K.L.:
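Pasting in a structure now, in structure tokens, and then I'll have a few things to ask.
Just so it is clear, the structure is predicted and the values come from calculations on it, not from any experiment.
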Amino acid sequence: MWHLRGSSATTAAALHKSVAHLRLLLAVSAWSGPGPLLPAAAAAAALAAVSTRRGGPGPSARAVAASAMPSSSPSTSPPSAKGTTAAAAPAGFHLTEPSFLESLMPKKEIGVDRFLAAHPEYDGRGALIAIFDSGVDPAAAGLQTTSDGKPKILDILDCTGSGDVDTSKVVKADDDGSIVGASGTRLIINPSWKNPSQEWHVGYKLVYELFTDSLTSRLKKERKKKWDEENQEAISEALKQLNEFEKKHRKSDDAKLKMAHEDLQNRLDYLRKQAEGYDDRGPVIDVVAWHDGDVWRVAVDTQGLESNQNCGKLADFVPLTNYRLERKFGIFSKLDACSFVANIYDDGNLVSIVTDCSPHATHVAGIAAAFHPDEPLLNGVAPGAQLISCKIGDTRLGSMETGTGLVRALIAAVEHKCDLINMSYGEATLLPDYGRFIDLASEVVDKHRIIFISSAGNNGPALNTVGAPGGTSSSIIGVGAYVSPAMAAGAHCVVQAPAEGMEYTWSSRGPAADGDLGVSISAPGGAVAPVPTWTLQSRMLMNGTSMSSPSACGGVALLVSAMKAEGIPLSPYIVRKAIENTAASISDVPEEKLTTGHGLLQVDRAFEYAQQAKELPPVSYRISINQVGKSIPKLRGIYLRGSNTCQQTSEWTVQLDPKFHEDASNMEQLVPFEECLQLHSTDSSVVKIPEYIMVTNNGRSFNIVVNPVNISSGLHYYEVYGIDCKAPWRGPIFRVPITVIKPIALLGEPPALTLSNLSFKSGHIERRFINVPIGASWVEVTMRTSAFDTPRRFFLDAVQICPLKRPIKWEAVVTFSSPSLKNFSFPVDGGLTLELSIAQFWSSGIASHEPTCVDFEIVFHGISIDQRVIGLDGSEAPVRIVARSLLASERLVPVATLNKVKTPYRPVECNLCSLPTSRDRLPSGKQIIALTLTYKFKLEDGAEIKPHVPLLNNRIYDNKFESQFYRISDSNKCVYSSGDVYPDYVKLSKGEYTLQLYIRHDNVQLLEKMKQLVIFIERKLEKKDCIQLSFYSEPDGPVVGNGTFKSSVLVPGEPEAFYVGPPSGEKLPKNVLPGSLLAGSITYGAVSSFNKKDDQTQHAPASYCISYLIPPSKVDNDKEKGVSAGRKSISERLDEEVRDTKIKFLSGFNQETEDDKSSWMELVASLKAEYPKYTPLLAKILECIVQKATDDKISHQKEIIAAADEVVDSIDKEDLAKSLSLKPDPEDDEAQKNKKNMEETRDQLADALYQKGLALAEIESLKTDESTEASAKDDFEETYKELIKWVDAKSTKYGSLTVLRERRCGRLGTALKVLNDMIQDDSEQAKKKLYDLKIQLVEEIGWAHVSAYEKQWMHVRFPPSLPPF
């Protein structure tokens, strides 16, 4: 999701994780729970001098400085609404208290004050807005009622499923009116609750899974504070007991006293370690659902969140039903202050607990429609409008949107008959106006007449930075972010307001990759608006196109309100034309349309337009363009970006297709439709067109000729537009955007561009467009500033456009505290035009009258390689590489590293099912189908891994598949990781894991094709295991070891060849399956001396992929080697095979019935007689008895003891001890074999003693008569002492017996230490019984706080089932 760059003190850190795919369009004021908003003046101090801008929101804006590149385009432009322009600040601009409050929620900028003064009743009443976002808090200020007293929020939905609770388990109440909840807690049912069926659906949820990271962090601090107090009390008591013991028993040599002392010390150590390793996973809430005869109800038990155990009880909860029915919400506890709503699906089998996953949505909703009767100046734009909240941000992913959330939100918007959608989310895309969500969104607009408004993005100031869906989709209105002088002075608290309004520096710019304008309109991009109650404040400053979108949406809601009230037919087509053709121009420079769109929204003038257009047919012109002679790609604009395209005339065919709504009448609307349009070009010397066209319902095409040969270098923007000859007041009926970028060519060795004495003021942007030389692969930049007083902050962007690929972008935020010099380097692609954008941040140096003087030098370097991707095929052969430098002499210093393993997997199971709920039924009536693919993988050692789905990953909007979601779990159903299109690394211990991939679509044929989908498990290699590949000047170098290649100097034009060798066998990672890939990167060059540190080579930033295919495993030819000449006869070997087969058959023998058990006993007796005292047979019999299920526990334990004794008696322990003490000759295979047999016998002996000890302890615990108990105690001690002679009784395999022994001796601290060591041993995944035993020991000691902590973790480690997707 989008985010703002260059975070500062006025903005909080990014709300999400991996910066490569943050998609939320926001910046938030710096806060950590409660606290005052920080003034913008504090921003610079918090910002690092240089930081790459991959993440971090920040305050932002962009001045209306024209493109620094000269443009020959005349100022002729399409007519705008009465020649309006955005208002400039009056001389001596200052704020009063009312104007300050108005600036916090800007509305004057878009004409709301004029409109409401003329039409006070059209304040959004009758308009319904769907907020596609992170979830709106119904308890937030201003979001309870509309201006005319109606409920503000009609429905609140979690469309992602992140709050889903499985309540398919049904229980009935006991006689005392209680039930056992899904968490195991006994819950009292309120007797007043009606439940005719007496069936209660139960489920539970870890409450932190419902909270934001910020809220969870605050709660953890509060809860840890209390836990630390309790733990410190326990530590003090344990220390007191230890000191008293030491004082009483000084210098004692008694063994029992020593063990008692050790036990007390272990208790103290355990408590201290608990404090160090404390990790609060949060309390569990029990969820209970039932049908009261009319509707489904939900109640929640939140006692775990309350400090007072009398609070939060289930019976005291006021039951909720689906929010839309009663519009009620709950609060988990006073501590968290987090509100939630509930929705019940699938006949009570699924409950959705809806919370917000960031303050973002509430803020957005407040801008659009908040109503504050006591503070009208802080009202949202449309206080009379109503809302539905569609949560598309998934809490499991830190609030990133998912395909599931997006599609369910569209379904909800249609179901509720919404008038508008606001969506302040988005990301970059490789294909504009493409993808499953885009198709469905277009259907929502075209068929269901919903107006869809979305943010354009926060990736400016470079061009081509608009993202999906707002800036790249024809059916969606994309909004840029504008800041007025009043906003700057008031909301942003700048010392001196700018003279004119401007676009924020970070607001994304067009065009889209297919030439579409990208930004439709602009609106105020910052506000102080409501935020959720859990933030412990009522309002907050945020800025971003996330804020400009709801500002525009609120403005359009006013327009919708007015149109409905006056009976004007409502159509997204008419509304869009009204707002675009009446927008106020922000700049007179044509190229600035790529920044601001058609201008600043003006609600009053848009309404006047809609009134005039009342009788016009609701039609939108869809434009499809292709270059003459080419059938693909189909474009929505003309975009010439490159030296070759600007050196010749090109001809383009424009297809105009009138688009009516799907319910349009053939006879009344389609047949009579006919418009005569006069065509205009904003510069006829460059763009030539016909004069007139006649358009009917079936569309019409015409040609455009573009001749950019004689224009100057730089950015140029033109438009071709059509005017209705009969109604010219309508303004442009359609527009064809034409963007021409004519780059400059560089000379020199190496090619370089020097920009001297550039003068910057606040918000000023300089752009340079450079034809990157063929052969260039990286750039080295030097930036020097001078002649300024206060610190200055700059945004640096470098963008290249490549077909079917997201824009190639490098970005940085740079702060100069004083005149100085900074250096950068970044990769480039030769042959593609590079835009270099340098912008002084809109508020940086705003109070200073001194401009910043900047000198900028950019130098191109490059090493061309004959193959960009290198694959070593698993053989011993190296790969030949040919390198050239085409620009200047370069140092060739190849470095290749393999740092990860990629192993392919196919699913072991696949499941197709139609989803049962209405939230997964498309407006067309089709039910969405889910495909669940199950993969199994095993880790022999702990590692960081992530899944990779090559077909689906890294695309959410530009993907024809609706949704993808994965989760990784272990055999205990503990979920370690989940994700969607952007998988994250997760650290896993040794063990076996299951990955489930969940894919949704309504087309079952497409899902059928995915049933054998290949995925990769990508594992990071530890630093010590990374493989540095070697280079050679000879083809036999890897084998012979000669001709090592280190470095060279490339002469321009002269090729040089060398080899990269495969990794040697001994360097390959262990336990890697054949067919896996070792992957990494390879670089070839070195940057210039300005970046050198300590005379070390700094490798060039241009890197390429290299991989090595793991070959088949080595064949073991030594299996028969060393077999002694005196091998056994065939008869002897046959007898052994028969014996071993009989023994093996024992374990598979079915003992379900009495006859089976009798037959098994007969077989055992027969085998004992046939192979008397044969230890492997007796060990197998013992194993079978241990696994046998029986109700008579004492008899079963005695049977185990008897079988164990037989194993022990069959072994000559003296001979075994003697054999194990001898060290066999390593070259004597027979001796080695005998040693192995002895070790197996020892293990069988130890296992028998271990099982006997467990059985004796069990008999003792059952407490029959005293004589039996005493006898069992003595036998237990003897058995344990015998066991410790042969093995480490504290090891994971046998430690349980040690724990039992220490426990029965009252040494609970020592028992706990041994048990903890067993649990922490990662040789195998811990078993539930060990954790149960741990809780028992802790409770016996009396540590209630530790017991409660461990019980919470049990729900994490051993959930009863996997959560819903």
K.L.:
Check whether Ser681 reaches the backbone of Val687 with its side chain - one donor and one acceptor, N or O, closer than 3.5 Å.
P.N.:
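Checked: pair present.
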
K.L.:
For the atom pair CG (Leu677) and CD1 (Ile693), what is the distance rounded to the nearest 0.5 Å?
P.N.:
5.0 Å

K.L.:
Determine the sole option in His598, Arg605, Arg735 for which the side chain to side chain donor-acceptor pair (under 3.5 Å) test with Asn581 is passed.
P.N.:
Arg735

K.L.:
Looking only at atom types and distance, does a side-chain atom of Arg767 sit under 3.5 Å from a main-chain N or O of Pro461, one as donor and one as acceptor?
P.N.:
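Judged by distance alone, yes, a pair lies under 3.5 Å.
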
K.L.:
Looking at Gln647, I'd like to know if its CD atom is crowded, meaning that more than 12 non-hydrogen atoms belonging to other residues, nucleotides or ligands lie closer than 6.0 Å.
P.N.:
yes

K.L.:
Specify the closest pair of heavy atoms between Pro658 and Val695, including all atoms of both residues, with the distance to one decimal.
P.N.:
CG-CG1, 3.7 Å

K.L.:
Is the backbone of Ile450 close enough, under 3.5 Å, to the side chain of His448 for a donor and an acceptor to pair up by distance?
P.N.:
no

K.L.:
Only distances under 3.5 Å count here; give the side-chain donor-acceptor pairs of residues 611-620 to other protein atoms, sequence neighbours excluded, each with its distance to 0.1 Å.
P.N.:
{"residue": "Gln611", "atom": "NE2", "partner": "Glu566", "partner atom": "OE1", "Å": "3.0"}

K.L.:
Does atom NZ of Lys960 have more than 12 heavy-atom neighbours from other groups under 6.0 Å away?
P.N.:
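Buried by this count: over 12 neighbours within 6.0 Å.
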
K.L.:
State, yes or no, whether a side-chain contact exists between Phe607 and Leu558 at a heavy-atom distance under 4.5 Å.
P.N.:
no

K.L.:
What is the minimum heavy-atom distance between Ala481 and Gly525, and which atoms define it?
P.N.:
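Nearest pair, atom of Ala481 first, then Gly525: CB-CA, 3.9 Å.
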
K.L.:
Should we count CG of Asp663 as having more than 12 external heavy atoms under 6.0 Å?
P.N.:
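Yes, enclosed.
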
K.L.:
Under the side chain to side chain contact (heavy atoms under 4.5 Å, CB included) criterion, do Asp829 and Val772 qualify, and how do the steps go?
P.N.:
CA-CA 7 Å; Asp829 276 16; Val772 177; over 6 Å; no

K.L.:
Return the NZ to OG distance between Lys742 and Ser712, rounded to the nearest 0.5 Å.
P.N.:
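If I round to the nearest 0.5 Å, the distance is 7.5 Å.
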
K.L.:
Does any part of the side chain of Leu601, heavy atoms only, come nearer than 4.5 Å to the side chain of Val479, both counted from C-beta?
P.N.:
no

K.L.:
Using a strict 4.0 Å threshold on nitrogen-to-oxygen distance, state whether Arg730 and Glu675 make a salt bridge.
P.N.:
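Answer for the salt bridge query: yes.
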
K.L.:
Once rounded to the nearest 0.5 Å, what's the spacing between atom CG of Leu600 and atom CD1 of Ile521?
P.N.:
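Going from the CG atom of Leu600 to the CD1 atom of Ile521 covers 8.5 Å.
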
K.L.:
Listed by chain and number, what are the side-chain hydrogen bond (donor to acceptor under 3.5 Å, both in side chains) partners of Ser551, not counting sequence neighbours?
P.N.:
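Per chain and number, Ser551 pairs via side-chain hydrogen bond (donor to acceptor under 3.5 Å, both in side chains) with no residue.
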
K.L.:
Just jot down the salt bridge (charged side-chain N to carboxylate O under 4.0 Å, His left out) partners of Asp433, sequence neighbours excluded, or say none.
P.N.:
none

K.L.:
Side-chain contact test, heavy atoms from C-beta onward, threshold under 4.5 Å: evaluate it for Glu691 versus Gln678 and give yes or no.
P.N.:
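Answer no - side chains too far apart.
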
K.L.:
Within this structure, what is the CG-CG distance for the pair Asp657 and Asn697, rounded to the nearest 0.5 Å?
P.N.:
9.0 Å

K.L.:
For atom CD of Glu662, is the number of surrounding heavy atoms from other residues, nucleotides or ligands below 6.0 Å larger than 12?
P.N.:
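Yes.
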
K.L.:
For Leu570 and Lys564: C-alpha separation, side-chain torsions, deciding distance, then whether side chain to side chain contact (heavy atoms under 4.5 Å, CB included) applies.
P.N.:
CA-CA 7 Å; Leu570 189 62; Lys564 283 187 172 184; 4.1 Å; yes

K.L.:
Let me confirm one number: the CG-CZ distance from Leu715 to Arg641, rounded to the nearest 0.5 Å.
P.N.:
9.5 Å

K.L.:
Would you check if there is a donor-acceptor pair between the side chains of Asp958 and Thr429 at a distance under 3.5 Å?
P.N.:
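Checked: Thr429/Asp958 side chains pair up, N/O donor to acceptor below 3.5 Å.
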
K.L.:
Between Leu431 and Thr472, is any pair of side-chain heavy atoms under 4.5 Å apart?
P.N.:
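Contact flag for Leu431/Thr472 side chains = no.
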
K.L.:
Is a side-chain N or O of Asp1002 found less than 3.5 angstrom from the main chain of Lys926, in a donor-acceptor match?
P.N.:
no

K.L.:
Using a 3.5 Å distance criterion without hydrogens, assess whether the side chain of Glu592 forms a donor-acceptor pair with backbone atoms of Ser587.
P.N.:
no

K.L.:
Step by step, would you call Val705 with Glu651 a side chain to side chain contact (heavy atoms under 4.5 Å, CB included)?
P.N.:
CA-CA 4 Å; Val705 175; Glu651 187 171 2; 4.0 Å; yes

K.L.:
To the nearest 0.5 Å, what is the distance between OG1 (Thr682) and OH (Tyr721)?
P.N.:
7.5 Å

K.L.:
Of all the heavy-atom pairs spanning Glu591 and Tyr717, show the shortest one and how long it is.
P.N.:
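Minimum heavy-atom contact is OE2-N, 3.1 Å.
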
K.L.:
Would you find more than 12 non-hydrogen atoms of other residues, nucleotides or ligands less than 6.0 Å from Met694 atom CE?
P.N.:
yes

K.L.:
Give me the atom names and distance for the closest heavy-atom approach of Ser650 to Gln627.
P.N.:
CB-NE2, 3.7 Å

K.L.:
Give me the atom names and distance for the closest heavy-atom approach of Ser549 to Asn422.
P.N.:
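In this case the closest contact between Ser549 and Asn422 is OG-OD1, 2.6 Å.
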
K.L.:
Work out which heavy atom in Leu640 is nearest to a heavy atom in Pro708; give both atom names and the distance.
P.N.:
CD1-CG, 4.0 Å

K.L.:
Can you tell which of Asn464, Asp514, Thr645 makes a side chain to side chain donor-acceptor pair (under 3.5 Å) with Tyr639?
P.N.:
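For Tyr639, the side chain to side chain donor-acceptor pair (under 3.5 Å) test succeeds with only one of Asn464, Asp514, Thr645, which is Asn464.
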
K.L.:
Determine, stepwise, if the pair Lys726 / Cys676 fulfils side chain to side chain contact (heavy atoms under 4.5 Å, CB included).
P.N.:
CA-CA 8 Å; Lys726 295 181 181 179; Cys676 178; 5.7 Å; no

K.L.:
Are Asn771 and Ile744 close enough that some pair of their side-chain heavy atoms sits under 4.5 Å apart?
P.N.:
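The answer is no, as the side chains (C-beta and beyond) never meet within the 4.5 Å cut-off.
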
K.L.:
Can you confirm if the NZ or CZ of Lys577 lies within 45° of the ring axis of Phe734 and under 6.0 Å from the centre of its six-membered ring?
P.N.:
no

K.L.:
Consider only side-chain N and O atoms of Thr545 and Asn458, and report whether a donor and an acceptor are under 3.5 Å apart.
P.N.:
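Present: a donor and an acceptor within the cut-off.
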
K.L.:
Does any donor atom in the side chain of Glu401 or Tyr957 lie under 3.5 Å from an acceptor atom in the other side chain?
P.N.:
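A donor-acceptor contact under 3.5 Å links the two side chains.
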
K.L.:
Is there side-chain contact between Leu410 and Glu443, with at least one heavy-atom pair below 4.5 Å?
P.N.:
no

K.L.:
In the structure I gave you, are the side-chain heavy atoms of Ser424 and Pro550 within less than 4.5 Å of one another anywhere?
P.N.:
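SC-SC contact between Ser424 and Pro550 confirmed.
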
K.L.:
In the structure I gave you, are the side-chain heavy atoms of Val519 and Val466 within less than 4.5 Å of one another anywhere?
P.N.:
yes

K.L.:
Taking Lys447's backbone N and O only, do any of them form a donor-acceptor pair with His661's side chain (distance below 3.5 Å, no angle check)?
P.N.:
no

